[in-house]
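Each remark here refers to the structure printed beneath this line.
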There are 2 protein chains.
Amino acid sequence: MSRQPTKTRIAETADTLFYQRGYAQTSLADIAQEIEISRGNFYYHFKSKDEILGAVLKNRHAKTVAMLETFQAENDTAAGRISAFVHILTSNQANIMQFGCPVGTICGELGKLAHPARAEASEIFSLLSEWLAEQFAALGYVATADDLAMHLLARSQGIATLAQAFQDPEFVAKEVAVLERWLTNPTL
Amino acid sequence: MSRQPTKTRIAETADTLFYQRGYAQTSLADIAQEIEISRGNFYYHFKSKDEILGAVLKNRHAKTVAMLETFQAENDTAAGRISAFVHILTSNQANIMQFGCPVGTICGELGKLAHPARAEASEIFSLLSEWLAEQFAALGYVATADDLAMHLLARSQGIATLAQAFQDPEFVAKEVAVLERWLTNPTL
DNA sequence: GTCTATATGGGGATAGAC
DNA sequence: GTCTATCCCCATATAGAC
């Protein structure tokens with residue numbers, strides 16, 4: 001783990017802390033302490049904190065692509081693939097209840113600040129939306145695939161938001177079940 | 001407008017700026033500049049920034065109660081009341097696309113920071129959820145009223161999150177239409 | 001590549017004059 | 001009630017030794 005190059009360790013730790021505390025609320029000192037480097041060392045690897053954010057977003061993008069490829073590989077049917085997506089809410093429940101959705105929360109934060117990296121963050125949502133649309137199209141919902149994808153994405157986001165606000169695992173379980181039922185006959 | 005007492009003006013301006021920029025990212029200097037008082041004057045009216053946050057959350061709570069009472073007064077049927085709630089997404093669309101939902105985003109921010117005022121923020125969600133549950137019960141969905149309420153709240157939140165991320169008014173319009181259709185026969 | 005030391009600015013908060 | 005002046009801490013970022 002700690003045999004990785006420093007630049008990588010910075011980006012990975014920043015990823016975690018940005019998720020848990022938010023971008024603005026995470027100081028370089030926090031990251032430096034976590035991986036036991038000096039604050040000065042930072043600027044050998046990155047020009048600025050914003051550049052670290054860029055690297056983090058690039059990482060999350062790549063990890064999202066990889067995740068979708070795994071869903072693709074591990075499920076024979078489009079229905080199974082969509083279901084795998086929905087079940088992120090279950091498998092990642094503990095984190096979501098504490099810190100919200102990693103994509104949704106960074107988009108919200110960067111959006112409020114009108115941060116230049118805003119668009120890169122939303123791109124990850126686009127990635128998910130487009131992949132979901134492909135699955136719905138494969139299921140036969142060709143005409144409404146895009147809308148169904150956005151609809152499901154929105155519902156997942158809403159569940160994540162309320163999960164964090166109410167800290168209620170039962171709510172998540174119920175809503176995932178509702179989504180599963182909806183998936184048997186997805187309509188708008 | 002500016003004839004209000006300073007303490008009130010601080011709380012109202014803080015409310016706006018906390019919404020637009022986030023709590024942590026709004027400095028007391030920002031607020032002071034907006035209403036043209038000195039930074040020092042602050043501490044005559046509030047002991048700390050956190051105390052201002054407390055006042056803001058109390059205000060939002062009260063405004064939410066008032067809003068629900070208006071919905072109640074202006075609509076004869078439970079269906080109409082729920083519909084009024086849904087249409088916040090339309091009437092407040094411009095703000096939501098820029099800054100997200102005022103309740104959802106503060107809950108998210110305070111949640112990440114494990115801030116003491118977390119619970120007060122979630123309370124506003126509870127307010128909405130309980131009111132919606134009453135409406136669903138009045139519609140005849142007594143057994144599932146609570147779940148329907150949380151479900152609708154989650155869907156609204158999801159729409160707000162994606163509206164901010166994608167900046168797409170059409171998406172909001174489509175999803176509001178979908179919600180309206182769902183309301184004619186709300187199921188889980 | 002990594003460190004220490006430091007520059008510079010901004011944050012919340014306090015003291016005390018008016 | 002409001003102001004100015006100031007304290008202290010922590011933030012990002014830089015300079016330069018090792």
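In what follows, chains carry the letters A, B, and so on, assigned in the order in which the sequence lines appear, proteins first and then strands, with residues in each chain numbered from 1. Computed from a predicted model, the values in this text were never measured in an experiment. FYI, side chains are in, hydrogens and waters are out, and symmetry mates aren't considered; it's all heavy atoms of this structure.
One atom, NZ of A:Lys47, and another, P of D:dA15, lie 14 Å apart when rounded to the nearest Å. Atom NZ in A:Lys49 sits about 22 Å away from atom P in C:dT8, given to the nearest Å. Between B:Gln33 atom CD and C:dG10 atom C1' the separation is 14 Å, expressed in whole Å. Taking atom CZ on A:Phe46 and atom P on D:dT12, their separation rounds to 14 Å, with Å as the unit. A straight line from CG of A:Asp50 to P of D:dA11 spans 16 Å, rounded to a whole angstrom. Taking atom CZ on B:Phe42 and atom C1' on C:dG16, their separation rounds to 20 Å, with Å as the unit. Across the protein-nucleic acid pair, B:Ile31 atom CD1 and C:dG10 atom P stand 17 Å apart, rounded to whole Å. C:dT14 atom P lies 11 Å from atom CD of B:Glu51, rounded to whole Å.
Nearest nucleotide to the A:Thr6 side chain, out of D:dT2, C:dT2, D:dT6: C:dT2. When distances are taken from the side chain of A:Ile37 to each of D:dT14, D:dC3, C:dC3, the shortest belongs to C:dC3. Candidate nucleotides C:dT2, D:dT4, C:dG12 were compared by shortest atom distance to the side chain of A:Ser38, and C:dT2 ranks first. The nucleotide whose nearest atom lies closest to any side-chain atom of A:Ala29 is, among D:dA11, C:dA13, C:dC3, D:dA11. When distances are taken from the side chain of B:Tyr43 to each of D:dT14, D:dA11, C:dT14, the shortest belongs to C:dT14. The side chain of B:Ser27 lies closest to C:dG11 when the candidates are C:dA13, C:dG11, D:dA13. Nearest to the side-chain atoms of A:His45 among the listed nucleotides C:dT2, D:dT12, D:dG1 stands C:dT2.
Partners of A:Arg81 under the salt bridge (charged side-chain N to carboxylate O under 4.0 Å, His left out) rule, at least two apart in sequence or in another chain, do not exist in this structure.
Within the structure, ring-ring contact (aromatic ring centres under 6.0 Å, His included) pairs that include any residue of residues 75-109 of chain B comprise B:Tyr19-B:Phe99 (at least two apart or interchain).
In terms of heavy-atom proximity, B:Glu109 sits nearest to B:Gly22 at OE1-CA, 3.4 Å.
In terms of phosphate contacts, B:Tyr44 brings no side-chain nitrogen or oxygen within less than 4.0 Å of OP1 or OP2 of D:dT2. OP1 or OP2 of D:dC3 lies within a sub-4.0 Å distance of a side-chain N or O belonging to B:Asn41.
Note on ring orientation: taking the six-membered ring where Trp is involved, the planes of A:Phe166 and B:Phe125 are tilted (angle from 30° to 60°).
Stacking of B:Lys49 on the aromatic ring of B:Tyr23 is recorded, both the 6.0 Å distance cut-off and the 45° axial limit being met.
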